[in-house]
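Take a look at the structure set out below.
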Amino acid sequence: MSSDFEGYEQDFAVLTAEITNRIARVPRLPPDEKKQMVANVEKQLEEAKELLEQMDLEVREIPPQSRGMYSNRMRSYKQEMGKLETDFKRSRIAYSDEVRNELLGDDGNSSENQRAHLLDNTERLERSSRRLEAGYQIAVETEQIGQEMLENLSHDREKIQRARERLRETDANLGKSSRVLTGMLRRVALFC
């Protein structure tokens, strides 16, 4: 049983060495070959995963007293597999960035310049947004003050109109009183 595990170990070692070599070569290859190399590495990574699964099944069948050593090996192989996948992802990202730059005609400096320009524009937009917000707040406060003033003026107008009506009534009453008094004075003058 352990001979099967050791056979899988050897296959895994050979396969991971080959994958590592190919991942390292990906960035230096011409675009056409890169595409093919990426596809090959993907296939080999799948094969390595299958080998790990087979090795894991073998470890489960080993008696518990001698399983510890094999479990430690499996952990290190899984870590190695994780590292290979991470390296491959980085290699693919670099490859996809190169392809994007080739398609767009970008080089590193212009993208950095564009990034700096975008950051400047973003800062300007944020400052403008803050100014607009402050202006909006001032406009809202001014509108509220204006409404309060209009309400106060409306109340004052009503008071003034009521006062005018009272003055008219008072003037009318004074006119009546004046006529009554004039009439009374005439009567008193006639009798005296």
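Values reported hereafter were calculated over all heavy atoms of this structure, with side chains retained and with hydrogens, waters and symmetry mates removed.
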Tell me whether [X] is salt-bridged to [Y], with the criterion being a basic N under 4.0 Å from an acidic carboxylate O.
X     : Y     : answer
Lys49 : Glu85 : yes
Lys43 : Glu46 : no
Arg22 : Glu18 : yes
Lys83 : Asp87 : yes

Next item on the list: Determine yes or no for a side-chain-to-main-chain donor-acceptor pair under 3.5 angstrom, with Ser154 supplying the side chain and Leu150 the backbone.
Entry: no

Check: Are the side chain of Ser178 and the backbone N or O of Leu174 linked by a donor-acceptor pair below 3.5 Å?
Finding: no

Below 4.5 Å, heavy atoms only, C-beta onward: do [X] and [Y] meet side chain to side chain?
X     : Y     : result
Leu52 : Asp56 : no
Met81 : Leu45 : yes
Lys78 : Arg75 : no
Phe88 : Val38 : yes

Item checked: For Ala48 against Leu15, the heavy-atom pair lying closest together -> N-CD2, 3.4 Å

Next item on the list: Check Arg67 against Val59 and note the closest heavy-atom contact, atom names and distance.
Entry: NE-O, 3.4 Å

Interatomic distance, [X] atom [atom1] to [Y] atom [atom2] [nearest 0.5 angstrom]:
X      : Y      : atom1 : atom2 : answer
Gln137 : Thr142 : CD    : OG1   : 10.5 Å
Gln36  : Asn40  : CD    : CG    : 4.5 Å
Glu151 : Gln147 : CD    : CD    : 7.0 Å
Glu169 : Leu167 : CD    : CG    : 9.5 Å
Glu47  : Ile19  : CD    : CD1   : 7.5 Å
Arg127 : Arg130 : CZ    : CZ    : 7.5 Å

Margin query: Are more than 12 heavy atoms, taken from residues, nucleotides or ligands other than Glu133, located less than 6.0 Å from that residue's CD atom?
Written below: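 Atom CD in Glu133 is not crowded, with 12 or fewer foreign heavy atoms closer than 6.0 Å.
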
Checklist line | Contact list for residues 181-191, test salt bridge (Lys or Arg N to Asp or Glu O under 4.0 Å), sequence neighbours left out | finding: none

Check: Do you know which of Arg162, Glu158, Arg164 makes side-chain contact (heavy atoms from CB on, under 4.5 Å) with Ile160?
Finding: Arg164

Item checked: Among Glu58, Met55, Met69, Glu9, side-chain contact (heavy atoms from CB on, under 4.5 Å) partner for Met74 -> Met55

Note to self: My understanding is that only residues two or more places apart in sequence, or in another chain, count here; which of them pass ring-ring contact (aromatic ring centres under 6.0 Å, His included) with Phe12?
What the structure shows: Tyr77

